[in-house]
Amino acid sequence: MDNKIEHINIAVTNRCNLSCRQCSIWQETPKKDISLENISDILRSEVLDDDVDIALTGGEPFLHKNFRGIVKSVLEKKPGCLKSISTNGTLKDAMLDLFNSCAKSLSGFSLHISFDGITKHDEQ
């Protein structure tokens with residue numbers, strides 16, 4: 001029996017538009033985005049289960065310069081496998097644009113929004 005990866009979290013960027021105290025990713029330098037080529041290499045890997053659960057995260061993934069291309073690549077190469085995106089929820093227009101363009105291709109998907117309260121978020 002082959003052991004294959006069944007769950008994978010891919011941090012697509014370390015960019016973030018917030019400066020939360022409980023997270024220091026916004027302080028990392030240099031700022032980097034994973035390339036679409038690297039995503040394609042990961043998705044082609046033989047160590048991934050055919051039905052791998054894929055989660056995309058960051059930093060703030062919606063700040064990636066080609067996040068839509070990454071999501072499209074995941075949906076094409078691993079249909080039904082994109083299970084979640086973790087976000088701080090502040091980039092509403094980018095989120096709506098993405099979901100309006102690919103909602104029909106998402107199955108069993110959830111959006112994870114990090115929210116720690118209106119006034120406490122930056123104090124933690």
Side-chain angles (χ1 to χ4, degrees):
M1 178 174 167
D2 291 336
N3 289 330
K4 297 215 175 191
I5 295 172
E6 297 176 353
H7 307 278
I8 186 169
N9 295 325
I10 304 172
V12 299
T13 186
N14 65 342
R15 298 175 195 281
C16 191
N17 58 331
L18 299 179
S19 304
C20 304
R21 290 184 187 184
Q22 79 275 9
C23 176
S24 61
I25 199 163
W26 57 274
Q27 295 175 320
E28 291 181 9
T29 56
K31 298 300 182 193
K32 294 184 179 183
D33 293 337
I34 194 169
S35 71
L36 191 53
E37 180 180 318
N38 284 351
I39 294 289
S40 294
D41 289 345
I42 292 167
L43 297 175
R44 281 194 303 268
S45 175
E46 293 181 13
V47 300
L48 294 181
D49 189 79
D50 290 339
D51 296 318
V52 62
D53 288 347
I54 299 172
L56 300 178
T57 187
E60 173 49 53
F62 286 93
L63 288 175
H64 188 289
K65 57 190 168 205
N66 191 14
F67 190 54
R68 182 182 239 180
I70 287 175
V71 170
K72 182 179 176 183
S73 182
V74 171
L75 293 174
E76 288 174 356
K77 292 179 171 85
K78 292 287 187 183
C81 291
L82 180 58
K83 296 303 179 185
S84 69
I85 296 174
S86 296
T87 176
N88 62 33
T90 61
L91 301 172
K92 178 187 66 132
D93 292 339
M95 292 166 51
L96 290 174
D97 181 53
L98 177 75
F99 296 130
N100 284 332
S101 70
C102 67
K104 293 178 183 175
S105 300
L106 297 172
S107 173
F109 176 82
S110 63
L111 181 68
H112 297 198
I113 298 175
S114 173
F115 183 74
D116 296 310
I118 294 170
T119 60
K120 294 295 181 189
H121 187 81
D122 287 344
E123 295 176 15
Q124 294 182 2

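What you see is a predicted model; the values in this text were computed from it and never measured. Numbering starts at 1 and runs along the sequence shown. Note that these values count all heavy atoms, side chains included, but never hydrogens, waters or copies made by symmetry.
- Thr87 and Pro61 make their closest contact through CA-CD, 4.4 Å (heavy atoms, listed as atom of the first residue, atom of the second, distance).
- For Ser107, the side chain to side chain contact (heavy atoms under 4.5 Å, CB included) criterion is met by no residue, not counting sequence neighbours.
- Considering only heavy atoms from C-beta on, Lys78 comes within 4.5 Å of Ile54 through its side chain.
- Partners of Asp33 according to the side-chain hydrogen bond (donor to acceptor under 3.5 Å, both in side chains) rule, which considers only residues two or more places apart in sequence or in another chain, are Thr13, Arg15.
- Judged by distance alone, the side chain of Ser24 and the main-chain N or O of Gln27 form no donor-acceptor pair under 3.5 Å.
- Atom CG of residue Asp49 and atom CG of residue Asn3 lie 10.5 Å apart, to the nearest 0.5 angstrom.
- For NZ of Lys83, the number of neighbouring non-hydrogen atoms (other residues, nucleotides, ligands) closer than 6.0 Å is greater than 12.
- Counting only residues at least two apart or on different chains, the ring-ring contact (aromatic ring centres under 6.0 Å, His included) pairs with a member in residues 15-65 are Phe62-Phe67.
- With sequence neighbours left out, the salt bridge (Lys or Arg N to Asp or Glu O under 4.0 Å) criterion links Asp41 to Arg44.
- Distance check: Lys65 NZ to Ile70 CD1 gives 9.5 Å after rounding to the nearest 0.5 Å.
- For Thr57, the side-chain hydrogen bond (donor to acceptor under 3.5 Å, both in side chains) test picks out no residue, with sequence neighbours left out.
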Using a 3.5 Å cut-off and no angle test, enumerate the donor-acceptor pairs between side-chain atoms of residues 95-106 and protein atoms at least two apart in sequence or in another chain.
residue, atom, partner, partner atom, Å
Asn100, ND2, Leu96, O, 3.1
Ser101, OG, Arg68, NH2, 3.0
Ser101, OG, Asp97, O, 3.4
Ser101, OG, Leu98, O, 2.7

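- Here the side chains of Ile42 and Ile34 are in contact, with some heavy-atom distance below 4.5 Å.
- Distance check: Ile10 CD1 to Ile85 CD1 gives 11.0 Å after rounding to the nearest 0.5 Å.
- Once rounded to the nearest 0.5 Å, the distance linking OG of Ser86 with CG of Leu56 reads 9.0 Å.
- Rounding to the nearest 0.5 Å places OG of Ser84 at 6.5 Å from CG of Asn9.
- Residue pairs meeting the salt bridge (charged side-chain N to carboxylate O under 4.0 Å, His left out) criterion with at least one member in residues 51-61, sequence neighbours excluded, do not occur.
- The two atoms that bring Ser73 and Ser40 nearest to each other are OG-OG, 3.9 Å, heavy atoms only.
- For the pair Lys4 (side chain) and Asp50 (backbone), a donor-acceptor distance under 3.5 Å is absent.
- Criterion: ILVMFWY side-chain heavy atoms under 4.5 Å apart, direct or through other members. Under it, Ile25 and Val12 are not part of a common hydrophobic cluster.
- Judged as a side chain to side chain contact (heavy atoms under 4.5 Å, CB included), and not counting sequence neighbours, the contacts of Lys32 are Asn14, Pro30.
- Legend: residues meeting side-chain hydrogen bond (donor to acceptor under 3.5 Å, both in side chains) with Asn66, ordered by chain and number and at least two apart, are absent.
- Side-chain contact check for Ser114 and His112: no donor-acceptor pair (N or O, by modelled atom type) lies under 3.5 Å.
- The distance from the SG atom of Cys81 to the CG atom of Leu43 is 9.0 Å, given to the nearest 0.5 Å.
- In this structure Thr90 satisfies the side-chain hydrogen bond (donor to acceptor under 3.5 Å, both in side chains) test together with Asn17, Asn88, sequence neighbours excluded.
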